[in-house]
Amino acid sequence: MKAWNWDRYGPPDVLTLKDVEEPDIARDEVLVRVRAASVNPYDWRHLRAHPKLVRLSIGLRRPRPGLVPGADLAGVVERVGDEVTGLRPGDEVFGEVRLGSFAEAVAVPHDRLALKPAPLTFEQAASVPMAAHTALQGLRDAGRIAAGQRVLVNGASGGIGTFAVQLAKAFGAEVTGVCSTRNVALVRSLGADDVVDYTREDFTEREERYDLLMDIVGDRSLAELRRPLTPRGTLVIVGGIASARGGLLGPAAQMLRGALASPFVSQRIAAVRWKPNSADLRLLADLMEEERLAPVIDRTYPFAEIPEALRYIERGHARGKVAITL
């Protein structure tokens, strides 16, 4: 089969398309024939080893041989392990892996997959997992969102942000999104009650106070982000592109500062970490079946142009998600 590999850290140009052996599956895994994938900042961080902390998991001097990048996928089940229940060959699924989806087939733990919502194309389904999962876990688990709260999403037009706006509305919140001028109409179309154009207004200087602020961009200090919160409000740090371009810790540095500061301030400061699981994927699938949640796709690239797709998303101006079709 064909798969993308990289043998040194650097820009997307380090990727090469190779013929490799089809992966074996463990007893609790499923072999998925990939029909679509999507790209995330997570992917170029691994390529560049930015932050340097990435090297601890994939190789200190260079990536371990045979690694395939990519996390999001949608496709068709080809084989299942002996311990897998609930999935069978021929099922259309979507889900996520730590690495490996930029290939024609991938072995996926069964608890990181769910059946693809029937109304969605493979490209749409592949655009959901990591971004929507992060938004869901940030709002529900880290943010403890409740109906009637005032929620602000900084970075509302990106991959995570477009899902966060819709999910906050699904939870019954009053939502304000922060984005650039060209994305104001998009964010409003997702259900935002109010939109802040950051080129014209600094959301941290607003008189309005919010019960929950999800920061996806990572370009503001903790003091600035706490300013528009109520005295008992919650700041959720996702760790965005702006906080991850270099250094040893990248976005983890802001998360660490938040953890250290949280016991000494009246507001809660919490960090969200992506935790793949099939239960949340099924919840997201239900919301999409009910038409309460939908992926926003900026561009779609063919499998052979994954490096170009990564270059595009690395610029940090994608509206929603960038999909890959096989």
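Predicted model, so just to flag it, every value in this text is computed and none were measured.
Checking each of Gln149, Glu174, Arg232 against Asp211 for a side-chain contact (heavy atoms from CB on, under 4.5 Å) leaves exactly one that passes, namely Gln149. When the options Val187, Thr181, Asn183 are evaluated for a side-chain contact (heavy atoms from CB on, under 4.5 Å) with Asp197, the one that passes is Thr181.
Counting all heavy atoms, side chain and backbone alike, Val108 lies closest to Val32 at CG2-CG2, 4.1 Å. Minimum interatomic distance between Lys321 and Phe163 (heavy atoms only, all atoms of both residues): CG-CE1, 4.3 Å. Across all non-hydrogen atoms, the minimal contact from Arg209 to Glu207 is NH1-O, 3.3 Å. Scanning all heavy atoms of the two residues, the minimum distance from Val30 to His110 falls at CG2-CB, 4.1 Å. The two atoms that bring Pro12 and Leu47 nearest to each other are CA-CD1, 3.9 Å, heavy atoms only. Scanning all heavy atoms of the two residues, the minimum distance from Ala173 to Val151 falls at CB-CG2, 3.7 Å.
Within a 6.0 Å radius of CZ in Arg112, other residues, nucleotides and ligands contribute more than 12 heavy atoms. In Glu21, the CD atom is not crowded: 12 or fewer heavy atoms of neighbouring residues, nucleotides or ligands sit closer than 6.0 Å. Within 6.0 Å of CD on Glu291 lie no more than 12 heavy atoms contributed by other residues, nucleotides or ligands.
Under a hydrophobic clustering in which Ile, Leu, Val, Met, Phe, Trp and Tyr are joined whenever their side-chain heavy atoms come within less than 4.5 Å, directly or via other members, Leu31 and Val84 fall into different clusters. A continuous path of hydrophobic side-chain contacts links Trp6 to Val68 [ILVMFWY only; heavy atoms under 4.5 Å]. When hydrophobic clusters are built by joining Ile, Leu, Val, Met, Phe, Trp and Tyr residues whose side-chain heavy atoms come closer than 4.5 Å, directly or via intermediates, Tyr312 is grouped together with Phe303. Clustering ILVMFWY residues whenever any of their side-chain heavy atoms sit less than 4.5 angstrom apart, transitively, puts Val14 in the very cluster that holds Tyr301. Hydrophobic clustering places Val106 together with Leu15 (ILVMFWY residues linked when any side-chain heavy atoms are closer than 4.5 Å, directly or through intermediates).
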### Task
Report the C-alpha separation of Asn154 and Asp219 in whole Å, then their side-chain angles, then the decisive distance to 0.1 Å, and conclude whether the side-chain contact (heavy atoms from CB on, under 4.5 Å) test is met.
CA-CA 10 Å; Asn154 182 31; Asp219 63 345; 4.2 Å; yes
### Task
Please step through salt bridge (Lys or Arg N to Asp or Glu O under 4.0 Å) for the pair Lys275 and Asp141, ending with a clear verdict.
CA-CA 11 Å; Lys275 299 175 183 176; Asp141 303 338; over 6 Å; no
### Task
Could you give me the CA-CA distance, side-chain angles and deciding distance for Leu326 and Phe122, then say whether side-chain contact (heavy atoms from CB on, under 4.5 Å) is met?
CA-CA 10 Å; Leu326 275 74; Phe122 284 106; over 6 Å; no
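Inter-residue side-chain proximity for Val153 and Ile216 is flagged as met; some heavy-atom pair is nearer than 4.5 Å. Residues Leu113 and Ser278 form no side-chain contact, since every pair of their non-hydrogen atoms from C-beta on lies 4.5 Å or further apart. Counting only heavy atoms from C-beta outward, the side chains of Asp298 and Val296 never approach each other to under 4.5 Å. Put simply, the side chain of Arg268 reaches to within 4.5 Å of the side chain of Arg144, judged on heavy atoms. Between Leu167 and Leu284, the closest side-chain pair of non-hydrogen atoms falls below 4.5 Å. A heavy-atom distance below 4.5 Å is found between the side chains of Arg140 and Asp280. Side-chain contact between His46 and Pro69 is absent, with no heavy atoms from C-beta onward closer than 4.5 Å. Taking 4.5 Å as the limit, some side-chain heavy atom of Cys179 sits within range of a side-chain heavy atom of Val184.
Put simply, CG on Leu67 and CG on Asn5 are 8.0 Å apart, with the number rounded to the nearest 0.5 Å. Interatomic distance, CG of Leu213 versus CD of Glu224, reported as 11.5 Å (0.5 Å rounding). Taken to the nearest 0.5 Å, the CD atom of Glu289 stands 14.0 Å off from the CZ atom of Arg282. Once rounded to the nearest 0.5 Å, the distance linking CD1 of Ile324 with OG of Ser127 reads 9.0 Å. Rounding to the nearest 0.5 angstrom, the gap separating the CZ atom in Arg48 from the CG atom in Asp43 is 13.0 Å. Note: Lys169 NZ to Leu190 CG = 11.5 Å, rounded to the nearest 0.5 Å.
Using a 4.0 Å cut-off between a side-chain N of Lys or Arg and a carboxylate O of Asp or Glu, Glu22 and Arg33 qualify as a salt bridge. We find that Glu308 and Arg311 are joined by a salt bridge, their nearest charged nitrogen and carboxylate oxygen being less than 4.0 Å apart. Arg206 and Asp194 are joined by a salt bridge, as a carboxylate oxygen and a charged side-chain nitrogen come within less than 4.0 angstrom of each other. Ion pair Asp286/Arg292 not flagged as a salt bridge, since none of the NZ, NE, NH1 or NH2 atoms sits closer than 4.0 Å to an Asp/Glu carboxylate oxygen.
Other cluster members for Val20: Met1, joined by side-chain heavy-atom distances under 4.5 Å among Ile, Leu, Val, Met, Phe, Trp and Tyr.
Under the 3.5 Å distance criterion, the side-chain polar atoms of Gln137 are left unmatched by any main-chain donor or acceptor of Val272. With hydrogens and angles disregarded, no donor-acceptor distance shorter than 3.5 Å links the side chain of Glu305 to the backbone of Pro302. Checked by atom type and distance alone, the side chain of Gln267 pairs as donor or acceptor with a backbone atom of Arg226 at under 3.5 Å. Between the Asp215 side chain and the Ile237 main chain, no donor and acceptor come within less than 3.5 Å of each other. In terms of modelled atom types and a separation under 3.5 Å, the side chain of Arg319 and the main chain of Arg182 share a donor-acceptor contact. Distance alone, capped at 3.5 Å, is enough to place a donor-acceptor pair between the Asp193 side chain and the Val175 backbone. Under the 3.5 Å distance criterion, the side-chain polar atoms of Arg55 are matched with a main-chain donor or acceptor of Leu60. A donor-acceptor pair under 3.5 Å links the side-chain atoms of Ser38 to the main chain of Ala126, judged by distance alone.
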Which side-chain N or O atoms in residues 91-102 pair as donor and acceptor under 3.5 Å with protein atoms at least two apart or in another chain?
| from | atom 1 | to | atom 2 | distance (Å) |
| --- | --- | --- | --- | --- |
| Asp91 | OD2 | Arg88 | N | 2.9 |
| Glu96 | OE1 | His133 | ND1 | 3.3 |
| Glu96 | OE1 | Trp274 | NE1 | 2.6 |
| Glu96 | OE2 | His133 | ND1 | 2.6 |
| Ser101 | OG | Gly70 | O | 3.4 |
| Ser101 | OG | Ala71 | N | 3.1 |
| Ser101 | OG | Asp72 | O | 3.0 |

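Side-chain polar atoms of Thr325 and Glu123 form a donor-acceptor pair below 3.5 angstrom. Side-chain N/O atoms of Thr204 and Arg220 include a donor and acceptor closer than 3.5 Å.
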